[in-house]
Every structure is written in structure tokens, then in C-alpha cells.
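Within every chain, numbering begins at 1; the chains are lettered A, B, ... in the order of the sequence lines, protein sequences first and strands thereafter. Here the structure is a predicted model, which means the values were calculated and not measured. Only this structure's heavy atoms are used, side chains among them; waters, hydrogens and symmetry mates stay out.
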There are 2 protein chains.
Amino acid sequence: MGKQMTEMLKGTLEGIVLAILAGSPAYGYDITARLRDKGLTDIAEGTVYALLVRIEQRGLVDVEKRPSEKGPPRKVYSLNAQGGEYLEEFWKTWSFLSGRLEQLRNEGR
Amino acid sequence: MGKQMTEMLKGTLEGIVLAILAGSPAYGYDITARLRDKGLTDIAEGTVYALLVRIEQRGLVDVEKRPSEKGPPRKVYSLNAQGGEYLEEFWKTWSFLSGRLEQLRNEGR
DNA sequence: ATCACTACCTAGTGCTACTATGTAGTGGTA
DNA sequence: TACCACTACATAGTAGCACTAGGTAGTGAT
């Protein structure tokens, strides 16, 4: 992946995953697949699992273990109330930064 | 500053500074002040200087030393051709990510 | 002589995504 | 049986970036 994208994902990937979970609960392998569907093709599995461990430890998600017919049991993550608040904060932060950047881009024309 | 903002700036602050330099050449102290004007009030001076060293070493900017009436000599940075290309890449990367996030945000409503 | 402002610089820290690899379960196939 | 492909989770080590917390210099005002 491009180095720019790698750096830009720092701070945003977390929000992206939380937003996905806000849509519906999901497990790591599934989240990785969904990210690929969204065009974020090169996000490593390991990155997603590490991120999930982090947000779980921060109490932003609830976890439930469910058997799978096709492999090892799944760890299904769902956004809880605290995670919802955190996601709202994320959108605010992102809106602000996004606004500044859009402004800068328009000035350069 | 908020932790979310700190992480989100990784990868974007570089683009912001390059975009500022695309507008007109500037020196570190000045860039810091301009960032504050834009509402990015808590960006540390040290962060800006470290960033300038980095983009200079990568050959994205040209540097010229000019005397100041009010203090030590200024190091004036200006975007060169390579920096311009890099900035364009940055906008592409940012547009892509921005689009994905906007889409995710709208799905959640 | 001290303070405030201008102007630059750096060592150490924390956080995050990546690389690379490993472990386990299920089903198909040669 | 042995091997492969897919599903599913996990982790140790690395690189890169913003932050903290200082420091050095030059100029002018009180």
C-alpha cells in the first residue's frame, strides 16, 4: 500500500471499523473482507485483529463467541453505548479536519 | 489536544503543510502561526520543525535562509516540482479515504 | 537586567499500521 | 492417506509520526 495511505489510516481506520460495527455486529475476518469490498484492499488481517483487541480493552465494544460451520469459533463484536459516544466524537473530529483540508484544497485553485 | 485528533493528523498534517507551501513560501514559525489561525491551535512548534526537516530531506521543498528584523534568520521553505507531484498524490489519497468515510457516515443514517 | 516575542532545533515517548508468521477447524481432492 | 484451500484468530518485531519538554539565539521594551 502507499505510504501516504498507511499514515493516513492511523486514526481513521479505528473510526472506519467502529462505523462498520455501528451498522451491524461483525467478526474480525468478516470486517477484513468488508474493508476489502470498500476498496481498502491492502489492509492486513493482523492490523484488524490488533485494532479489535484495542477497542475491546477500551470498552468500546461487546464481544460474543459463536461457533462457525466453516472454521474456528468467531468473535463477534458489537458497538456498545460507550463506543457509540466515541464514534460520535470521531465524526466531529473528522468533520473538522475534513473541513480544513477542503478549504485548503479550494484555496489552491 | 484530543487523542483522536493527534492520531488523525498523522499523515494529514504533512499534506496540510505542503498545501500551505503551495499557496506561498513560508518559514516554520509562520507556518505554526497559520495552522493556529486555521483552528489547529494545539499543534506543537516542535512537530512543525520536525516535519519540515523530513520533507526537506525527501526533496519536496527548497530552502532559503533570509535575515529577520525581529529575531534569528528565517528558513523559508517553498514547494518544488517534486513536492507538487507529491501533494497531488496526497489529494488523491485523501479524496479516496474521504469518500469511503462519507459513504460510511451516510449509511449510518 | 529582565521580560516578551521572534525563530529554530532535538531527545525521548506513545500510538498505530505493517510485515511475517503461527495456530486451528472444516471440507474437497488426488 | 496426504495435501491444499478456505475460514478464523493471534502476536512479535519494525517503521513512521505527533507530542512532551525542554534548549539556543536574536531583537526591542520596561
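Across the interface with DNA chain C, nearest-nucleotide mapping of B:E69 and A:E14 shows B:E69 to be the residue nearer the 5′ end.
What separates CG of B:D30 from P of C:dC5 is a distance of 17 Å, to the nearest Å. Between A:Q57 atom CD and C:dT16 atom P the separation is 11 Å, expressed in whole Å. In this structure, B:K70 atom NZ and D:dG28 atom P are separated by 10 Å, rounded to whole Å. As rounded to whole Å, 13 Å separates atom P of C:dC5 from atom CZ of B:R36. In this entry the distance linking CD1 of A:I31 with C1' of D:dC9 reads 12 Å, nearest Å. One can place CG of A:L51 at 19 Å from P of D:dA8, the figure rounded to the nearest angstrom. Note: CZ (A:R54) to C1' (D:dA10) measures 14 Å, nearest angstrom. Rounding to whole angstrom units, CD1 of residue B:I55 and P of D:dA18 are separated by 11 Å.
For the pair B:L13/B:L35, a side-chain contact is recorded, criterion being any heavy-atom separation below 4.5 Å from C-beta on. You'll find the side chain of A:L60 stays beyond 4.5 Å of the side chain of A:L21, heavy atoms only. Between B:I43 and B:L9 the shortest side-chain heavy-atom distance falls below 4.5 Å.
Residue contacts shown for B:L13 are limited to sugar-phosphate atoms, with no base heavy atom under 4.0 Å away. Looking at heavy-atom distances under 4.0 Å, A:S68 makes contact with sugar-phosphate atoms alone, never a base. A:E45 comes within 4.0 angstrom of a base, heavy atoms only.
The B:T47 side chain lies nearest to D:dT20 when the options are D:dT20, C:dC8, D:dC9. Of the candidate nucleotides C:dC18, D:dA8, C:dA7, D:dA8 has the atom nearest to the side chain of A:Y27. With C:dT16, D:dC17, C:dG25 as the choices, the nucleotide that has an atom nearest any side-chain atom of A:P72 turns out to be C:dG25. Nearest to the side chain of A:K75, among D:dA10, D:dA8, C:dT6, sits D:dA10. Distances were taken from every side-chain heavy atom of A:I43 (C-beta onward) to each of C:dC18, C:dA7, D:dA8; the shortest belongs to C:dC18.
Axis angle, first five pairs versus last five pairs of the helix from C:dA1-D:dT30 to C:dA30-D:dT1: 20°, rounded to 10°.
Taking each heavy atom of A:A19 and A:W91 in turn, the nearest pair found is CB-CZ2, 4.1 Å. Minimum interatomic distance between A:P25 and A:R34 (heavy atoms only, all atoms of both residues): O-NH2, 3.7 Å. Shortest non-hydrogen contact noted between A:L87 and A:G15 is CD1-O, 3.9 Å.
Side chain of A:Q4 to backbone of B:F90: a donor-acceptor contact under 3.5 angstrom is found. In terms of modelled atom types and a separation under 3.5 Å, the side chain of B:S24 and the main chain of B:I20 share no donor-acceptor contact.
The hydrophobic clustering, which links ILVMFWY residues whose side-chain heavy atoms are closer than 4.5 Å, places A:V63 and A:V48 together.
Within a heavy-atom distance below 4.0 Å of DNA chain C, the residues of residues 3-10 of chain A found are A:T6, A:L9, A:K10.
Between B:Y49 and C:dC9 there is no side-chain N or O to OP1 or OP2 distance below 4.0 Å. Neither OP1 nor OP2 of D:dA25 sits under 4.0 Å from any side-chain N or O of B:R74. A close approach under 4.0 Å does not occur between any side-chain nitrogen or oxygen of A:Y29 and OP1 or OP2 of D:dC9.
Between B:E14 and B:R58 there is a salt bridge, since at least one side-chain N of the basic residue sits less than 4.0 Å from a carboxylate O of the acidic one.
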